Number of protein chains: 2
Amino acid sequence: MSQGNTAVTDPEIHAVACPVREVIDRVGGKWSVQIILAVMRGPVRFTALERRIDGISRRMLTLTLRNLERDGLVVRTVYPTVPPRVDYRATDLARELHDPLEGLAEWARRNRGSIAAARAAYDAGSGSSAIAS
Amino acid sequence: MSQGNTAVTDPEIHAVACPVREVIDRVGGKWSVQIILAVMRGPVRFTALERRIDGISRRMLTLTLRNLERDGLVVRTVYPTVPPRVDYRATDLARELHDPLEGLAEWARRNRGSIAAARAAYDAGSGSSAIAS
DNA sequence: CGGGATCCAAAAGGATACTG
DNA sequence: CAGTATCCTTTTGGATCCCG
């Protein structure tokens, strides 16, 4: 009787995977995390961000900031002066993201070695797939 | 004298952002998290995964599994029978990722509403940017 | 059954010139 | 100063078809 399900994906998987994808959809961009962290340390001006984040282009900085603003992670404030002046700051929503992100970061730091080893093994051998008897 | 730095990116930002990107580079794919979670519940065969994950193509299932295997998150076992039989299981490395991922998921579930509201506001107005006097 | 090989569409990202 | 507009390259993902 447990059949007749429209959603094929396992519900228990869905319950975790779906929210996780929601987060990744917002902070998964190449520059998103760096920008969030930079902005979390206080109001930052556009040019300051551009200089603080090595390698980012004007285009990607603007685009990423707009997306973060749209998702309520960043607030953009325009000062009507000349020359124009704009600053960006993190919202509480963004600040609450810090600890979860730090959790991920810890995992990465702890296991950087294991991952590199796994890669080396995989790339060396023809893929390390076990052959069962 | 604090100049002459080659790495322009703020070191304190780098220390968190870089590890986070390492994680995202491995689980940021469209299907990675779903596959990790599915495989964490015990050995699963290729076809079972394909049926359990709604909408995935053969190609992406294979590709994502290969990448996860390469990074040491999944173990692939081949049984030399006919017809061929293969199963996948999660490694400890992958299991240690569960809690950090759950942390992200909680954030997403708690703030789903705020994000939707922020988006609605942004999309409604011409961008909600504050104008300072 | 469990893929690999191929081809194609869409999205992400980069370089850079121009502007209020 | 803080972008926008434009053009281009790279990456990602999807649709098959084929094969041992």
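No experiment lies behind these values; they were computed from the predicted model shown. Each chain gets a letter, A, B and so on, in the order the sequences are listed, and its residues count up from 1.
- Between the side chain of A:R59 and the base of C:dG13 there is at least one donor-acceptor pair of N/O atoms closer than 3.5 Å.
- Listed by first and then second residue, the side-chain hydrogen bond (donor to acceptor under 3.5 Å, both in side chains) pairs involving residues 76-85 of chain A are A:R76-A:Y88, A:R76-B:S129, A:Y79-A:D87, A:Y79-A:R89 (not counting sequence neighbours).
- Taking atom CG of A:N67 as the reference point, atom C1' of D:dG3 lies 15 Å away to the nearest angstrom.
- Straight-line distance from the CG atom of B:L61 to the P atom of D:dG13: 13 Å, rounded to whole Å.
- In terms of phosphate contacts, B:K30 brings no side-chain nitrogen or oxygen within less than 4.0 Å of OP1 or OP2 of C:dA11.
- Between B:D25 atom CG and C:dA12 atom C1' there is a gap of 14 Å when expressed in whole angstrom units.
- The structure places CD1 of A:I24 at 6.5 Å from CD1 of B:I24, a figure rounded to the nearest 0.5 Å.
- Closest to the side chain of A:M60, out of D:dC1, C:dG13, C:dC1, is C:dG13.
- Set against C:dG3, D:dA2, C:dC1, the side chain of B:T62 has C:dG3 as its closest nucleotide.
- With the end axes of the helix from C:dC1-D:dG20 to C:dG20-D:dC1 each set by five pairs, the angle from one to the other reads 40° at 10° resolution.
- Applying salt bridge (charged side-chain N to carboxylate O under 4.0 Å, His left out) to B:E22 and the options A:R112, A:R119, A:R110 leaves one that passes, A:R112.
- Candidate nucleotides D:dG3, C:dC1, C:dG3 were compared by shortest atom distance to the side chain of A:F46, and D:dG3 ranks first.
- Not one side-chain nitrogen or oxygen of A:R76 sits closer than 4.0 Å to the OP1 or OP2 atom of D:dA2.
- Rounded to whole Å, the distance from CZ on A:R66 to C1' on D:dA5 is 14 Å.
- The 5' end of DNA chain C is approached more closely, in terms of each residue's nearest nucleotide, by B:L65 than by the other of A:I56 and B:L65.
- No donor-acceptor contact under 3.5 Å links the side chain of B:R58 to the base of C:dG4.
- Note: CZ (A:R21) to P (D:dG13) measures 8 Å, nearest angstrom.
- Nearest heavy atoms, A:A48 versus A:V44: CB-CG1, 3.6 Å.
- As a whole-Å value, the separation of B:E50 CD from D:dG14 P is 13 Å.
- Going from atom CG of A:D54 over to atom C1' of C:dG14 covers 14 Å, rounded to whole Å.
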Requested in this report: Check the pair A:R109, A:E106 against side-chain contact (heavy atoms from CB on, under 4.5 Å), reporting the backbone distance first and the verdict last.
Outcome: CA-CA 5 Å; A:R109 287 189 287 256; A:E106 276 186 59; 3.9 Å; yes
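- Considering every non-hydrogen atom in both A:E50 and A:I56, the closest pair reads O-CG2, 4.2 Å.
- In the hydrophobic clustering of this structure, A:V78 groups with A:F46; members are Ile, Leu, Val, Met, Phe, Trp, Tyr whose side-chain heavy atoms approach within less than 4.5 Å, directly or through other members.
- Residue B:Y88 places at least one side-chain N or O under 4.0 Å from the OP1 or OP2 atom of C:dG3.
- We find that CH2 of B:W31 is positioned 16 Å from P of D:dT12, with the value rounded to whole Å.
- Phosphate contact (OP1/OP2 of D:dA15, side-chain N/O of B:S57, threshold under 4.0 Å): absent.
- Residues A:I115 and B:I36 share a hydrophobic cluster, clusters being chains of Ile/Leu/Val/Met/Phe/Trp/Tyr side chains in contact below 4.5 Å.
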